[in-house]
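What follows is a single structure, written as structure tokens, with notes after it.
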Protein chains: 2
Amino acid sequence: MLTIGKLSDAAGVKVPTIRYYEQIGLLPAAERSTGNQRLYGAAVRDRLAFIRHARDLGFPLEAIRDLLSLSDNPAQSCAAADRIAQSQLLAVEGRIARLMALKSELERMVAQCAGGSIADCRVIECLGNHAHCTTDHGRELAEVSE
Amino acid sequence: MLTIGKLSDAAGVKVPTIRYYEQIGLLPAAERSTGNQRLYGAAVRDRLAFIRHARDLGFPLEAIRDLLSLSDNPAQSCAAADRIAQSQLLAVEGRIARLMALKSELERMVAQCAGGSIADCRVIECLGNHAHCTTDHGRELAEVSE
DNA sequence: ATAATCTCTCTAGTAACTAGAGGTTCAAGG
DNA sequence: CCTTGAACCTCTAGTTACTAGAGAGATTAT
């Protein structure tokens, strides 16, 4: 049996995060030692690896909760899991597109920096007035920072 | 003079967000009408447009706060503004790289979905065990969801 | 036995807002 | 002039996914 610290090392998830996952019901309430410390077996370690990997892939915890409930009932169709992954893929593609536009604008801003005083600084100027920017991608940037 | 609602429309920033920006000191405390309602002039409208555009570009509010203090003292060198924009550019490039890796993994997961039951579902399986994935980009995905 | 390290619970803080309650002010129509 | 409805006010609390810290108990190493 693993203590929470060992589990943390094994799964690459910080100790308070593990307790947090238990608190919100992503992980089951852990067994306890005589001294009230949490003890974990391999099943929880795998479940935590699942969560961690899905988080790395950008899945929100709610989607992960859904995926876990799917894998807890393995008789179902995988259509739902596929749907979740699909929508995540779409979101990622959208994020990439917006970040690319953003990157080119930032590159232009940095390239135009005259090295002079703020008064002539293109960075400030461009941020102050989007009309000064050569590219036009106003609205589609709106959700970049989501 | 603009009321907060007009300013909101003019700058594309929601009313509660404007009040929030005032609260955290990004915008100066507004003038008030006799009935205690906020009134704004063109200077604040421009400042808000600046904030909004920078937010669209993914700058965190703290970076925006720095940029604003720079543009409030226009005699300085623009090196600091450039540095902020540079670091934002770097962050964006990193995010793009990680999202691209993520995208290919999601695509593979979706492509492998057999349409069968959860028991054979590659989506679940791949999420459960990163070793099953063909690409190897473990650690560099760690900050994707920041 | 004692010191160092873990672990426990609980509260509060983070970013950047958003939502809602409960009350006031303003502009327009009758 | 009066009323209605929209817009405004303040304040609190909720969101996501954690992170940090306090103060106390448990375990491990020497």
Side-chain angles (χ1 to χ4, degrees), chain A residues 1-27 29-40 44 47-48 50-68 88 91 95 141-146, chain B residues 1-27 29-40 44 48 50-68 87-88 91 95 141-146:
Chain A
M1 293 299 243
L2 301 164
T3 63
I4 198 170
K6 307 292 180 190
L7 177 64
S8 168
D9 292 345
V13 175
K14 290 184 191 142
V15 167
T17 304
I18 296 171
R19 288 196 278 249
Y20 170 72
Y21 286 163
E22 178 181 320
Q23 188 195 320
I24 65 172
L26 274 190
L27 293 178
E31 288 178 58
R32 298 301 181 111
S33 73
T34 51
N36 197 36
Q37 301 197 346
R38 289 173 179 82
L39 293 176
Y40 298 95
V44 171
R47 192 180 182 89
L48 188 55
F50 180 105
I51 295 171
R52 154 107 224 246
H53 190 197
R55 286 294 297 133
D56 283 350
L57 290 171
F59 287 81
L61 288 183
E62 277 317 299
I64 295 172
R65 197 188 291 278
D66 293 346
L67 287 168
L68 282 169
Q88 185 63 18
R95 267 194 262 170
L141 281 170
E143 296 164 45
V144 153
S145 47
E146 272 173 9
Chain B
M1 292 300 242
L2 300 164
T3 63
I4 199 169
K6 308 291 181 191
L7 178 65
S8 168
D9 293 345
V13 175
K14 290 185 192 142
V15 168
T17 305
I18 296 172
R19 289 196 276 249
Y20 170 72
Y21 285 164
E22 177 180 321
Q23 190 195 319
I24 64 172
L26 273 190
L27 293 178
E31 287 178 61
R32 298 301 180 112
S33 73
T34 50
N36 197 36
Q37 300 197 347
R38 288 173 179 82
L39 292 176
Y40 299 95
V44 171
L48 189 53
F50 180 105
I51 295 171
R52 163 117 215 229
H53 191 198
R55 285 296 296 133
D56 284 350
L57 290 172
F59 287 79
L61 287 184
E62 276 317 298
I64 295 172
R65 196 188 291 278
D66 292 346
L67 287 168
L68 282 169
S87 81
Q88 183 62 16
R95 266 193 261 170
L141 281 170
E143 294 163 47
V144 155
S145 46
E146 272 172 10

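No experiment lies behind these values; they were computed from the predicted model shown. Note: hydrogens, waters and symmetry copies are ignored here, and every other heavy atom, side chains too, is used. Each chain gets a letter, A, B and so on, in the order the sequences are listed, and its residues count up from 1.
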Start with the C-alpha distance between B:Glu62 and B:Arg65, add both sets of side-chain angles, then the distance that settles side-chain contact (heavy atoms from CB on, under 4.5 Å), and finish with yes or no.
CA-CA 5 Å; B:Glu62 276 317 298; B:Arg65 196 188 291 278; 3.1 Å; yes
Set of side-chain contact (heavy atoms from CB on, under 4.5 Å) partners for B:Pro60, sequence neighbours left out
B:Ala63, B:Gln88
Counterpart residues, side-chain contact (heavy atoms from CB on, under 4.5 Å), relative to A:Ser33 (two or more places apart)
A:Gln37, A:Leu39
Out of curiosity, A:Tyr21 OH to A:Ile64 CD1, how far, rounded to the nearest 0.5 Å?
6.5 Å
Can you tell me how far P of D:dT10 sits from CD1 of B:Ile4, to the nearest Å?
9 Å
Counting only non-hydrogen atoms, which of residues 29-36 of chain B are less than 4.0 Å from DNA chain D?
B:Arg32, B:Asn36
For B:Glu22, give me all partners under side chain to side chain donor-acceptor pair (under 3.5 Å), at least two apart in sequence or on another chain.
B:Arg38
Does B:Arg19 have any salt bridge (Lys or Arg N to Asp or Glu O under 4.0 Å) partners at least two apart in sequence or in another chain, and if so, which?
none
Of all of residues 16-24 of chain B, which get a heavy atom below 4.0 angstrom from DNA chain C, listed by number?
B:Thr17, B:Tyr20, B:Tyr21
Shoot me the first and last contacting nucleotide of DNA chain C against chain B, ordered 5' to 3', at under 4.0 angstrom to non-hydrogen atoms.
C:dA16 to C:dC26
Quick one, B:Leu61 with B:Tyr20, criterion side-chain contact (heavy atoms from CB on, under 4.5 Å). Give me CA distance, side-chain angles, the key distance, then yes/no.
CA-CA 12 Å; B:Leu61 287 184; B:Tyr20 170 72; 4.0 Å; yes
Donor-acceptor contacts, no H, no angles, side chain residues 2-10 of chain A, under 3.5 Å, sequence neighbours left out:
residue : atom : partner : partner atom : Å
A:Thr3  : OG1  : A:Lys6  : N            : 3.4
A:Ser8  : OG   : A:Val13 : O            : 2.7

With sequence neighbours left out, write down each residue that passes side chain to side chain donor-acceptor pair (under 3.5 Å) with B:Gln23, or none if nothing qualifies.
none
Is it the case that the side chain of A:Arg47 and the backbone of A:Leu26 share a donor-acceptor pair, with hydrogens and angles ignored and the cut-off at 3.5 Å?
yes
If only side-chain N and O atoms of A:Lys14 are considered, is one of them under 4.0 Å from the OP1 or OP2 phosphate oxygen of D:dC18?
no
Of B:Val15 and A:Leu61, whose nearest nucleotide on DNA chain D comes first from the 5' end?
B:Val15
